[in-house]
A.B. asks: 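Take this structure, written in structure tokens, and hold onto it; I'll ask about it next.
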Amino acid sequence: MAATEQRARIGVDVGGTFTDVILQAPDGRVSIRKVLSTPPGYDRAVIEAVAGLTAGGERVGGVVHGTTVATNAVLERRGALTALVTTAGFRDVLELRRLRIPHMYDPFWLKPDPLVPRRLRFELHERITADGTELKPVDEAEVGAIAAELREAGVESVAVCLLHSYRFPEHEQLAGRIFREALPGVTLSLSSDILREQREYERSATTVVNAYVRPLMGRYVADIRRGLDAAGVEAALTIMQSSGGVMTSEDATRRPVLALESGPAAGVVAALGMARQLGFENAIAFDMGGTTAKASLIEAGAVSRSREYEVGGSLSSGSRLMRGAGELLRIPTIDIAEVGAGGGSIAWLDPAGGLQVGPRSAGADPGPACYGRGGADPTVTDANVFLGYIPTGALASGDLSVSSALAERALQSIAEPLALSLTEAAAGVHAIANARMTRALRSVSSEKGRDPRDFVLIAYGGSGPVHAPGLAEELGCTTVLVPALAGLFSSLGLLFARPEFHDVHSCHLDARTVDAGEIERIFDVLETRLAPSLDGDVQWIRGADLRYGGQSWEVEVEFTGSLGDVLLRFEDAHERLYGVRGEPGSPIEIRALRLAGIGPSAAVAALGLADESRPRGGTRAAIFDGETLDVPVRTRASIGDAPEPGPLLVDEYDTTVVVRPGWSIRRDAATQTLVLERA
């Protein structure tokens, strides 16, 4: 362990447009690279950037990777040909779903097609009851016959989800052994390995998503490993989880569903650390990249977490209010709302002639029109270039050059049909992108009963600092924080992520009469299962799912202190969520006990941040509220601790900070954070 700590560590965040890599030396100094992503072979950009940073012979002790490969496979429906094997009578669970309609007043809304078509969903005539009684054993010949059908269908991956296997996995494990022998080369996902929780739809859906992305994730991780080895980087490779912790690359290939929100989670981890440093307890983390915009709530010095997440709808989120539009995942995750609005999001006209933005993105290939790589469609980035917010010339590592003429040409395709000036068209694209992103910001704040005016907005990602003041005005926030290395902030967060593993025990206990010793025994079993995966000092976090007697849904609370403390915590949380509290003495049930094991961080606490501001100065014409102004252009290092009024632009290696009229800017010397405040 000591030898590893003396080596550099690398954080790699792959986005739809750019791949960000940061190397932290043992003394805290950092080196950075921002290169274009290389779809569909995203590993090529990763290896190129890592090789560039390690060309000087830097010895690397660990590589931490955040990726959206699994997420994009679900969004774009390009995962593996997957089959589902389930208990007889449960073949259509994926289509029945839950009775949740995200668009109540849209008569044309249709449920999304399941990832597994009905012809590839097979019933196994076995049965174990909820108390573990075997009603019907597994017929091995029947399993073999199903395996033959799967082989004939050419499936690449199989999900197995049998009734009550969250408590009694024997039948599922037997079927799994037969499938492994009969289907070599086909990946297998057992629900008892993926999610040990009751509720058939949630467990089936989560296991199916894992199976759907597992072959793709396995190939991707293997390609990264080979590339690192070829570059002479033989360090351990770990993958960021949606929960904000990391897992080994082997775990990621076996349970990729845990890494669906891998990249965005890293940015929230970094935002939490920065908020704590600056003394802000409440913040909204806002990450705008090339393809999507993400938002997450930090409250009382802690990130907001969720046990359920939907991916694939118009709004990917853990919100209780917006359900049914995407694929449901029952996994521990940082609560992040995501919309298809980023710098590369394409502006287009709908059949009625209305201006729309996203969710389709120009991505890295060809990218926004202003990059000069063959793109012709107007994007949010093109609008921002025309408005003067983003400078022309070399971008990031110098691989790209931004052209205002190309941006103007692209914008004409929407300005002319609408009889708008180019200024009006660009401003319209910028405003509509803001409106789409505001939806994500409200999803994690006002839709959860929080007043955004009580929070600061932390803006990062390549495009986040460009849009943040305008979004803050919409929300009523008066303070915006822009961290150093804002455009690579998620890769920075990867360096501080800690190993993290979760387990759960579903149960049905009367919380008012249960023996405390029984609860301790369950937690001991969970700890015994998790301990082999963790080294060093481990932080154990206990949780429980509780509900009032007769309810259908639970509320998760932290399990600390006495059982009485836990019950009080549940009733307070229930009242905050639903506005009501049970009568004194109301029956309360414990439906699950949860345990998370979190290992130590390997990052160096003090970061040696070089000034990566672009060597610019003078002024640049920029358009605010339809008026063209000659706006000063500064570097981060030139901003002092005394507030300076906007309008003002801060050009950096990885982003531009736009200070709108009516705002001021100053720099916190200790963290190099830019603090924007509304007058």
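Sequential numbering from 1 along the given sequence is applied to the chain's residues.
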A.B. asks: Within a strict 4.5 Å, meaning less than it, do heavy atoms of the Leu260 and Leu329 side chains meet?
C.D. replies: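 Yes; the side chains approach each other to less than 4.5 Å.
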A.B. asks: Applying side-chain hydrogen bond (donor to acceptor under 3.5 Å, both in side chains), name anything that partners Asp451, two or more places apart in sequence or on another chain.
C.D. replies: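 Result, side-chain hydrogen bond (donor to acceptor under 3.5 Å, both in side chains) vs Asp451: Arg453.
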A.B. asks: Walk me through it: do Asp545 and Arg594 pass the test salt bridge (Lys or Arg N to Asp or Glu O under 4.0 Å)?
C.D. replies: CA-CA 8 Å; Asp545 294 357; Arg594 302 180 181 277; 2.7 Å; yes
A.B. asks: Kindly compute the distance separating CG (Leu190) from CZ (Arg254), expressed to the nearest 0.5 Å.
C.D. replies: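 That separation rounds to 10.0 Å.
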A.B. asks: Are the side chains of Glu589 and Leu509 in touch, meaning some heavy atoms are under 4.5 Å apart?
C.D. replies: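 Answer no - side chains too far apart.
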A.B. asks: Restricting to salt bridge (charged side-chain N to carboxylate O under 4.0 Å, His left out), what partner residues turn up for Arg450, sequence neighbours left out?
C.D. replies: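 Salt bridge (charged side-chain N to carboxylate O under 4.0 Å, His left out) check on Arg450 returns Glu299.
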A.B. asks: How about Phe501 and Leu595: do any of their side-chain heavy atoms sit closer than 4.5 Å?
C.D. replies: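 Phe501 vs Leu595: side chains apart.
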A.B. asks: Using atom types as modelled and distance alone, determine if a side-chain donor or acceptor of Ser242 lies under 3.5 Å from a backbone N or O of Leu258.
C.D. replies: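 Side chain of Ser242 to backbone of Leu258, a donor-acceptor pair under 3.5 Å: yes, one is there.
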A.B. asks: Report yes if the side chains of Ile334 and Arg305 come closer than 4.5 Å at any heavy-atom pair, otherwise no.
C.D. replies: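 Side-chain contact under 4.5 Å: yes.
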A.B. asks: Could you check whether any side-chain heavy atom of Leu457 comes within less than 4.5 Å of a side-chain heavy atom of Leu481, counting everything from C-beta outward?
C.D. replies: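 Contact flag for Leu457/Leu481 side chains = no.
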A.B. asks: Once you round to the nearest 0.5 Å, how far does CD of Gln24 lie from CD1 of Ile10?
C.D. replies: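 If we round to the nearest 0.5 Å, Gln24:CD and Ile10:CD1 are 11.0 Å apart.
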A.B. asks: Working to the nearest 0.5 Å, report the span between CZ of Arg255 and CG of Leu195.
C.D. replies: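 The distance works out to 10.0 Å.
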A.B. asks: Supply the atom-to-atom distance Ile458 CD1 to Cys477 SG, rounded to the nearest 0.5 angstrom.
C.D. replies: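 Output value for this atom pair is 11.0 Å.
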A.B. asks: Charged N to carboxylate O below 4.0 Å: is that the case for Arg196 and Asp503?
C.D. replies: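 Looking at Arg196 and Asp503, the cut-off is met.
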A.B. asks: Tell me if a side-chain donor or acceptor on Ser490 pairs with a main-chain N or O of Asp13 at a distance below 3.5 Å.
C.D. replies: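 Checked: no pair found.
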A.B. asks: Once the angle between the rings of His574 and Tyr578 is folded into 0 to 90°, is it parallel (under 30°), tilted (30 to 60°) or perpendicular (over 60°)?
C.D. replies: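 Plane angle between 30° and 60°, so tilted.
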A.B. asks: Checking the side chain of Asp565 only, and the main-chain atoms of Ser562 only, is there a donor and an acceptor separated by less than 3.5 Å?
C.D. replies: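 Flag set: sc Asp565 to bb Ser562 pair under 3.5 Å.
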A.B. asks: Taking the side chain as every heavy atom from C-beta outward, state whether Asn210 and Thr206 have any pair of such atoms under 4.5 Å apart.
C.D. replies: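 Asn210 does not reach Thr206 side chain to side chain.
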A.B. asks: Do His171 and Glu134 meet the criterion of a side-chain donor-acceptor pair at a distance under 3.5 Å?
C.D. replies: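 Side-chain D/A pair, His171 to Glu134: present.
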A.B. asks: How long is the span from the CG atom in Leu526 to the NE2 atom in His502, to the nearest 0.5 Å?
C.D. replies: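 That separation rounds to 12.5 Å.
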A.B. asks: Is any side-chain heavy atom of Ile598 closer than 4.5 Å to a side-chain heavy atom of Ile541?
C.D. replies: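 A side-chain contact exists here, since the closest heavy-atom pair is under 4.5 Å.
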A.B. asks: Has the side chain of Arg276 got a donor or acceptor atom that lies under 3.5 Å from a matching backbone atom of Gly301?
C.D. replies: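 Such a contact is found between Arg276 side chain and Gly301 backbone.
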A.B. asks: Passes ring pair (Phe, Tyr, Trp, His ring centres under 6.0 Å), Phe523 versus Phe559? Steps please.
C.D. replies: CA-CA 11 Å; Phe523 277 125; Phe559 201 108; 5.5 Å; yes
A.B. asks: Could you give me the CA-CA distance, side-chain angles and deciding distance for Lys294 and Thr292, then say whether side-chain hydrogen bond (donor to acceptor under 3.5 Å, both in side chains) is met?
C.D. replies: CA-CA 7 Å; Lys294 285 81 69 175; Thr292 59; 2.9 Å; yes
A.B. asks: Any sub-3.5 Å donor-acceptor pair from Glu500's side-chain atoms to Val246's backbone N or O?
C.D. replies: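 Not at all, since once roles are kept as given, no pair shorter than 3.5 Å links the two residues.
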A.B. asks: For residues Leu530 and Trp540, determine if any side-chain heavy atom of one lies less than 4.5 Å from a side-chain heavy atom of the other.
C.D. replies: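 Yes, their side chains come closer than 4.5 Å.
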A.B. asks: State which residues pass side-chain hydrogen bond (donor to acceptor under 3.5 Å, both in side chains) with Glu575; sequence neighbours excluded, sorted by chain then number.
C.D. replies: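 If we apply the side-chain hydrogen bond (donor to acceptor under 3.5 Å, both in side chains) test to Glu575, skipping adjacent residues, the hits are Arg581.
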A.B. asks: Minimum heavy-atom separation for Val538 and Gly597, please, with both atom names.
C.D. replies: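 Taking every non-hydrogen atom into account, CG1-CA, 4.1 Å.
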A.B. asks: Can Glu447 and Arg442 be counted as an ion pair, charged N to O under 4.0 angstrom?
C.D. replies: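 Salt bridge: no.
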A.B. asks: May I have the step-by-step check of side-chain contact (heavy atoms from CB on, under 4.5 Å) for Tyr166 and Arg199, ending in yes or no?
C.D. replies: CA-CA 9 Å; Tyr166 59 91; Arg199 299 190 190 281; over 6 Å; no
A.B. asks: State, to 0.1 Å, how close Ala285 and Ala271 come at their nearest heavy-atom pair, and which atoms those are.
C.D. replies: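 It is CB-CB, 3.9 Å.
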A.B. asks: Nearest heavy-atom pair of Ala235 and Gly62: which atoms, and what distance?
C.D. replies: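 Closest pair (atom of Ala235, atom of Gly62, distance): CB-N, 3.4 Å.
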A.B. asks: Using the salt bridge (Lys or Arg N to Asp or Glu O under 4.0 Å) rule, take Arg512 and Asp510 through it: C-alpha gap first, then chi angles, then the decisive distance, then the call.
C.D. replies: CA-CA 6 Å; Arg512 298 197 183 276; Asp510 185 331; over 6 Å; no
A.B. asks: Applying side-chain contact (heavy atoms from CB on, under 4.5 Å) to Arg521 and Glu518, what does each step give before you reach the verdict?
C.D. replies: CA-CA 5 Å; Arg521 284 191 294 273; Glu518 182 177 356; 3.5 Å; yes
A.B. asks: If you compare all heavy atoms of Cys161 against all heavy atoms of Glu172, which two are closest, and at what distance to 0.1 Å?
C.D. replies: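 Minimum heavy-atom contact is CA-OE2, 3.5 Å.
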A.B. asks: Hey, is Glu520 close enough to Arg542 for a salt bridge, meaning N to O under 4.0 Å?
C.D. replies: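 Salt bridge between Glu520 and Arg542, a charged N being under 4.0 Å from a carboxylate O: yes.
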A.B. asks: Using side-chain contact (heavy atoms from CB on, under 4.5 Å), reason through Asn282 and Ile298 one step at a time and then give a plain yes or no.
C.D. replies: CA-CA 5 Å; Asn282 298 326; Ile298 296 170; over 6 Å; no
A.B. asks: Going through the distances and angles, do Leu546 and Leu567 end up as a side-chain contact (heavy atoms from CB on, under 4.5 Å)?
C.D. replies: CA-CA 8 Å; Leu546 288 86; Leu567 298 184; 3.6 Å; yes
A.B. asks: Pick from Arg591, Arg330, His505, Glu202: which one makes a side chain to side chain contact (heavy atoms under 4.5 Å, CB included) with Glu197?
C.D. replies: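 Exactly one pass, corresponding to Arg330.
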A.B. asks: When you check the side-chain N and O atoms of Arg667 and Gln672, is any donor under 3.5 Å from an acceptor?
C.D. replies: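 Present: a donor and an acceptor within the cut-off.
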A.B. asks: Counting only N and O atoms by type, is there a donor-acceptor contact under 3.5 Å from the side chain of His65 to the main-chain atoms of Ile239?
C.D. replies: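 Checking the backbone N and O of Ile239 against the side chain of His65, no donor-acceptor pair under 3.5 Å is found.
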A.B. asks: Using only atom types and a distance under 3.5 Å, with no angle test, would you say the side chain of Thr133 pairs donor to acceptor with the backbone of Thr129?
C.D. replies: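 No, because the side chain of Thr133 does not come within donor-acceptor range (under 3.5 Å) of the backbone of Thr129.
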A.B. asks: For the ring pair Phe570 and Tyr548, is the centre-to-centre distance below 6.0 Å?
C.D. replies: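 Centroid separation for Phe570 and Tyr548: below 6.0 Å.
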A.B. asks: Compute whether any side-chain donor of one residue and acceptor of the other, for Ser165 and Arg203, lie under 3.5 angstrom apart.
C.D. replies: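 On atom types as modelled, these side chains qualify, holding a pair under 3.5 Å.
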A.B. asks: I need the Leu84 CG to Ser191 OG distance, nearest 0.5 Å.
C.D. replies: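 If I round to the nearest 0.5 Å, the distance is 9.5 Å.
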A.B. asks: Would you kindly say whether Arg547 and Ser552 are connected by a side-chain donor-acceptor distance under 3.5 Å?
C.D. replies: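 On atom types as modelled, these side chains do not qualify, holding no pair under 3.5 Å.
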A.B. asks: Is a donor on one side and an acceptor on the other found under 3.5 Å between the side chain of Arg498 and the backbone of Gly599?
C.D. replies: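 Checking the backbone N and O of Gly599 against the side chain of Arg498, a donor-acceptor pair under 3.5 Å is found.
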A.B. asks: How close do Pro600 and Asp537 get, counting heavy atoms only, and between which atoms?
C.D. replies: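 In terms of heavy atoms, the two residues are closest at CD-O, 3.3 Å.
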A.B. asks: What heavy-atom pair brings Ala511 and Leu563 nearest, and what distance separates the two atoms?
C.D. replies: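 Smallest heavy-atom distance, with atoms named: O-CD2, 3.1 Å.
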A.B. asks: For the pair Ser204 (side chain) and Tyr201 (backbone), establish whether a donor and an acceptor sit closer than 3.5 Å, ignoring hydrogens and angles.
C.D. replies: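 No.
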A.B. asks: Should the heavy atoms of other residues, nucleotides or ligands under 6.0 Å from CG of Asp131 be counted, would the total exceed 12?
C.D. replies: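 Enclosed: over 12 neighbouring heavy atoms sit under 6.0 Å from CG of Asp131.
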